[in-house]
Peer 1: 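Please find one structure pasted underneath; my questions will follow.
First listed ligand is number 1; within each ligand, the first listed atom is number 1. Heavy atoms only: backbone and side chains are in, while hydrogens, waters and symmetry mates are out. Here, residue 1 is the first one in the sequence, and each next residue gets the next number.
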Amino acid sequence: MDLITTTLNIEKYVLGLQQMPKSLEVVLSPALLSEVDIVGKNVVVIDILRATSTICTALHHGALGVKPVTHAEEAALLKDIGYITAAERNGEKLPGFDMGNSPFECMDGKVKDKYIALTTTNGTKCIEMTDGAANVLSGSFLNISSLANWLIDSPNDIILFCAGWKDKVNMEDTLFAGALALKLKSFVEIDCDSAQMAMQIYRNNSDRIIDFLKDSSHYKRLSRLHHEEDMIYCFQEDIMDCVPVLKNGILVAY
Ligand code: MLT
């Protein structure tokens, strides 16, 4: 861009004639969240296997809202006020709760017109780390285009926050961050190596997602637990249009 055009563009920004392009950053692990400023930004929490995929599925199947909690004891207490309780650790359902964290547990009608208290190994903890954000959203392949359109329509900067696995980077959340960033790249400014890497990973593997992820730690973990069908389900794109947004501590369909 030549100097004259650049100067004119800056003048338009200064005069408020043109909105400063919003930024997009990718955070690959909760351990890196402190490296970015989330205040006033739209934060998309990403836990493809399976928390944010299950959250989208529950709302799509009529749940009134999903309250993410970090500790299982918090979820258990909410049963007394009519919540469906869902708890998972290390991929397995915790005993004594109504559900684990499989999206298929949301499809038999039990969650319709109910609130769900959900605690998982990583995803729900990440949602509770987002104080100060303008909006907190739940991202999955299942609702990727509706989510992208919501973010495009909002003026706020964007943080794509990968839950990973116990502070380690994981492949599936990074892959999704790349897919979403590619849908947004024409509408944002991306000055973030994590985002560039994530987009390149998705570009190179979008037509072979299952094969690409078969070497991932979470795919192996969930396969050992016979949750292969959960993973096939969670990698489907655009099968629902709900956009989960956090309101008063509860994720509801926007
Ligand atoms: C997580 O919180 O990391 C996942 O939701 C765990 C799982 O469902 O296997």
Side-chain angles (χ1 to χ4, degrees), residues 26-33 43-61 63 66-76 84-107 111 116-130 136-144 147 160-177 198 209-210 213-236 240 244 246 249-251:
V26 171
V27 176
L28 294 174
S29 155
L32 297 170
L33 188 64
V43 177
V44 179
V45 177
I46 301 165
D47 185 358
I48 297 303
L49 295 176
R50 300 162 286 179
T52 53
S53 300
T54 296
I55 288 165
C56 291
T57 303
L59 295 174
H60 179 70
H61 285 271
V66 180
K67 181 175 179 53
V69 294
T70 299
H71 305 293
E73 297 74 20
E74 296 172 80
I84 297 278
T85 59
E88 166 277 331
R89 289 294 182 271
N90 300 312
E92 297 191 274
K93 175 182 177 295
L94 289 184
F97 290 83
D98 300 319
M99 295 168 42
N101 189 28
S102 169
F104 288 100
E105 295 178 275
C106 301
M107 301 178 186
V111 304
I116 302 170
L118 175 67
T119 180
T120 70
T121 309
N122 303 276
T124 52
K125 180 190 75 175
C126 290
I127 294 169
E128 293 207 307
M129 292 171 66
T130 58
V136 180
L137 304 101
S138 171
S140 74
F141 282 107
L142 308 173
N143 70 329
I144 185 170
L147 174 62
L160 304 186
F161 179 18
C162 298
W165 183 262
K166 298 180 181 177
D167 280 349
K168 293 177 184 169
V169 174
N170 71 15
M171 292 168 72
E172 69 274 10
D173 294 347
T174 304
L175 185 76
F176 174 81
I209 288 178
I210 299 292
L213 288 171
K214 272 183 175 160
D215 296 328
S216 70
S217 57
H218 211 158
Y219 193 99
K220 293 175 190 171
R221 181 181 310 111
L222 290 179
S223 296
R224 284 194 299 272
L225 296 169
H226 308 297
H227 287 313
E228 292 90 343
E229 62 173 0
D230 282 22
M231 294 186 275
I232 304 299
Y233 171 83
C234 291
F235 297 137
Q236 297 175 102
M240 52 190 68
L246 196 66
I250 297 177
L251 286 157

Peer 1: How would you list, by chain and number, every residue that makes a ring pair (Phe, Tyr, Trp, His ring centres under 6.0 Å) with His61, sequence neighbours excluded?
Peer 2: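 His61 satisfies ring pair (Phe, Tyr, Trp, His ring centres under 6.0 Å) with no residue once adjacent residues are dropped.
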Peer 1: Taking atom types as modelled, is there a side-chain donor on Thr119 or Arg89 under 3.5 Å from an acceptor on the other?
Peer 2: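 Result is yes, a qualifying pair exists.
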Peer 1: Measuring from each atom of ligand 1, which residues have a heavy atom under 4.0 Å away?
Peer 2: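 Within the 4.0 Å shell of ligand 1, which is judged on heavy atoms, sit Asp47, Leu49, Arg50, Ala51, Glu88, Gly91, Asn101, Thr120, Thr121, Asn122, Gly123, Trp165, His218, Leu222.
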Peer 1: Only counting residues at least two apart or in another chain, list the ones meeting side chain to side chain donor-acceptor pair (under 3.5 Å) with Asp167.
Peer 2: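 Not a single residue meets the side chain to side chain donor-acceptor pair (under 3.5 Å) criterion with Asp167.
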Peer 1: Taking Thr85 for its side chain and Ala76 for its backbone only, find out whether a donor-acceptor pair lies under 3.5 Å.
Peer 2: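 It does not hold such a pair.
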Peer 1: Residues in side chain to side chain donor-acceptor pair (under 3.5 Å) with Ser138, at least two apart?
Peer 2: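 Checked Ser138 against side chain to side chain donor-acceptor pair (under 3.5 Å); zero matches.
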Peer 1: Fit a plane to each ring of Phe141 and Phe176, take the angle between them on a 0 to 90° scale, and name the class: parallel (under 30°), tilted (30 to 60°) or perpendicular (over 60°).
Peer 2: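 Taking Phe176 first and then Phe141, their aromatic rings stand perpendicular (interplane angle over 60°).
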